[in-house]
Amino acid sequence: MDYEKLIPLMRSLALEAGDKIMEIYNSDDFEVKSKSDDSPVTIADEAADAIISAGLRAAFPDVTLITEEQAQSHTLKADTFLIVDPLDGTKEFIKRRGDFTVNIAYVEKGVPQRGVVYAPAKDRLFITDASGKSYEEVGPFARDVAGVQNKISVKTPNNDALLVVASKSHRDQATEDYINKYNVADSKSAGSSLKFCLVATGEADIYPRVGRTMEWDTAAGHAVLLGAGGDVVRFDTHEPLTYGKEDYANPFFIAYAPGVDLKPAS
């Protein structure tokens, strides 16, 4: 993969999609439909998907593209692929809570190598560079040229006073039970793939996910966390979370900063 070509394109497409999402977000009303699995979808999801898909396919026609909003892509199989969630956190979007993101990632041999996570309502943009290191860019964001990019890295955790982040829309008793195994100084909730980014910047030490996610939900945030020195492992075995799985569904997982004393699932 030509990362010098891919990274600026991912960034530009994420920003363009984010502009379209915010245009709809700030409108008086927008239609909410249900997909076959009863999850919500809006015209913002579909419009952002059209922008990103067109851009990626034009630049990399030979690379497999998996995107949440195109069900036919979910049957494709490849060792190397681009994977997109054009609007991660649709429930947050519908409730106008701001915790939604645009996710674009590149996966090679099961590992998210590069990614961009853009939270347009929060003016936060996280991206890996061509070498794989992760940065948070400071806005305002110009589509054609990157602004100031500050390198980010996980912090060294204090196992006697951990900072935990968990899902805002899916925070259930199983999640609380697992969090309670740790000595927690502070616990916060966040939506979408921002949770990976909060670990990547040192704003949190651990993000356990005891619930269903798909690879397009996690790949970009996972790439950003890897580029900041963090890791993501399966909840049950603590083995690395890999990509390209059957039907692109994830097992439960834990995203964390190295040094966290991971507790067993049971």
Side-chain angles (χ1 to χ4, degrees), residues 1-14 17 48-49 51-89 101-118 125-135 152 192-197 199-200 207 209 212-235 237-256:
M1 173 55 74
D2 181 354
Y3 291 134
E4 299 291 348
K5 177 180 177 183
L6 175 66
I7 303 304
L9 178 65
M10 286 200 306
R11 179 188 171 279
S12 172
L13 290 173
D49 184 66
I51 289 166
I52 296 167
S53 298
L56 291 176
R57 287 197 173 110
F60 300 101
D62 299 326
V63 180
T64 298
L65 175 62
I66 313 297
T67 168
E68 179 182 15
E69 302 310 330
Q70 297 175 37
Q72 69 274 19
S73 74
H74 305 170
T75 62
L76 301 174
K77 291 294 166 196
D79 285 340
T80 296
F81 54 91
L82 291 156
I83 187 162
V84 174
D85 189 342
L87 176 48
D88 181 28
T101 56
V102 179
N103 299 338
I104 308 173
Y106 170 71
V107 174
E108 193 173 84
K109 295 179 180 175
V111 180
Q113 300 286 345
R114 303 291 185 274
V116 59
V117 174
Y118 176 43
L125 188 153
F126 305 89
I127 192 165
T128 54
D129 70 1
S131 73
K133 299 296 184 186
S134 292
Y135 294 81
I152 58 175
S192 69
S193 56
L194 279 171
K195 296 181 285 292
F196 291 96
C197 300
V199 179
Y207 156 40
R209 181 56 182 257
R212 178 176 171 83
T213 59
M214 305 301 287
E215 293 185 12
W216 45 78
D217 297 317
T218 62
H222 189 159
V224 167
L225 181 53
L226 288 176
D231 207 355
V232 185
V233 295
R234 293 176 58 109
F235 186 76
T237 64
H238 295 176
E239 294 173 336
L241 180 67
T242 59
Y243 290 74
K245 300 182 292 298
E246 189 67 34
D247 73 10
Y248 296 96
N250 286 324
F252 301 166
F253 62 81
I254 308 165
Y256 68 104

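In this text, all values refer to a predicted model and were calculated from it rather than measured experimentally. Throughout, residue positions are numbered sequentially from 1 according to the sequence presented.
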(request) Check L13 against I51 and note the closest heavy-atom contact, atom names and distance. (result) CD2-O, 3.8 Å

(message) Rounded to the nearest 0.5 Å, what separates atom CG in L125 from atom SG in C197?
(response) 9.0 Å

(message) Between D217 and S193, do the side chains contain a donor N or O and an acceptor N or O under 3.5 Å apart?
(response) no

(message) Please tell me whether H222 and Y243 form a close aromatic pair, meaning their ring centres lie under 6.0 Å apart.
(response) yes

(request) Verify the distance criterion only: is there a donor paired with an acceptor across the side chains of Q70 and D49 at less than 3.5 Å? (result) yes

(message) Tell me whether the count of non-hydrogen atoms from other residues, nucleotides or ligands lying under 6.0 Å of NZ in K109 goes above 12.
(response) no

(request) Decide yes or no for M1 and T80: does some side-chain heavy atom of the first lie under 4.5 Å from some side-chain heavy atom of the second? (result) no

(message) Measuring centre to centre across the rings, with the benzene-like ring taken for any Trp, is Y106 within less than 6.0 Å of F60?
(response) no

(request) Please tell me if the side chains of L56 and V63 come closer than 4.5 Å, counting only heavy atoms from C-beta onward. (result) no

(message) Measuring from atom CZ of F81 to atom CD of E108, what distance do you get when rounded to the nearest 0.5 angstrom?
(response) 11.0 Å

(message) To the nearest 0.5 Å, what is the distance between OH on Y248 and OG1 on T75?
(response) 8.0 Å

(message) When you compare the side chain of Y135 with that of K133, does any pair of heavy atoms fall below 4.5 Å?
(response) yes

(request) Indicate the ring-plane relationship of F253 and F196, choosing parallel, tilted or perpendicular according to the 30° and 60° boundaries. (result) parallel

(request) For a side-chain contact (heavy atoms from CB on, under 4.5 Å) with M10, tell me which candidate from I52, V116, V102 qualifies. (result) V116

(request) Give, for atom CG of L82 and atom CG of L6, the distance between the pair rounded to the nearest 0.5 Å. (result) 6.0 Å

(request) Mark yes or no for whether H74, through its side chain, and E68, through its backbone, hold a donor-acceptor pair below 3.5 Å. (result) yes

(request) Could you tell me which non-hydrogen atom of T101 sits nearest to which non-hydrogen atom of S192, and how far apart they are? (result) CG2-OG, 3.3 Å

(message) Does any part of the side chain of R212, heavy atoms only, come nearer than 4.5 Å to the side chain of F252, both counted from C-beta?
(response) no

(request) List the atom of T128, the atom of G115, and the distance in Å for their closest heavy-atom pair. (result) OG1-N, 2.9 Å

(request) Looking only at non-hydrogen atoms, find the nearest pair between P251 and L241 and report the distance. (result) CD-CD1, 3.6 Å

(message) Rounded to the nearest 0.5 Å, what separates atom CG in D129 from atom CZ in R114?
(response) 7.0 Å

(request) Test side chain to side chain contact (heavy atoms under 4.5 Å, CB included) on E215 and I66 and set out the steps. (result) CA-CA 9 Å; E215 293 185 12; I66 313 297; over 6 Å; no

(message) Do L65 and R57 make a side-chain contact, defined as non-hydrogen atoms from C-beta onward lying under 4.5 Å apart?
(response) yes

(request) Give the minimum heavy-atom separation between V107 and P112, together with the two atoms involved. (result) CG2-CA, 4.1 Å

(request) Compare all side-chain heavy atoms of V84 with those of N103 and state whether any distance is below 4.5 angstrom. (result) no

(message) So I127 and S134, do their side chains get closer than 4.5 Å, heavy atoms only?
(response) no

(request) Please answer whether the main-chain N or O of A59 pairs with a side-chain N or O of K5 as donor and acceptor at a distance below 3.5 Å. (result) yes

(request) With rounding to the nearest 0.5 Å, note down the distance linking CD1 in I254 to CZ in R209. (result) 13.5 Å

(message) Within the supplied structure, the quantity of interest is the number of heavy atoms (other residues, nucleotides, ligands) at a distance under 6.0 Å from Q72 CD; does it exceed 12?
(response) yes

(request) Evaluate the side chain to side chain contact (heavy atoms under 4.5 Å, CB included) criterion for residues T67 and W216: first the C-alpha distance (whole Å), next the side-chain angles of each, then the deciding distance (0.1 Å), finally the verdict. (result) CA-CA 7 Å; T67 168; W216 45 78; over 6 Å; no

Under 3.5 Å, which donor-acceptor pairs link side chains of residues 226-234 to any protein atom two or more places apart or in another chain?
from, atom 1, to, atom 2, distance (Å)
R234, NE, D236, OD1, 3.1
R234, NH2, D236, OD2, 3.0

(message) I need the minimum non-hydrogen distance between P8 and E4, along with the two atoms involved.
(response) CD-O, 3.2 Å

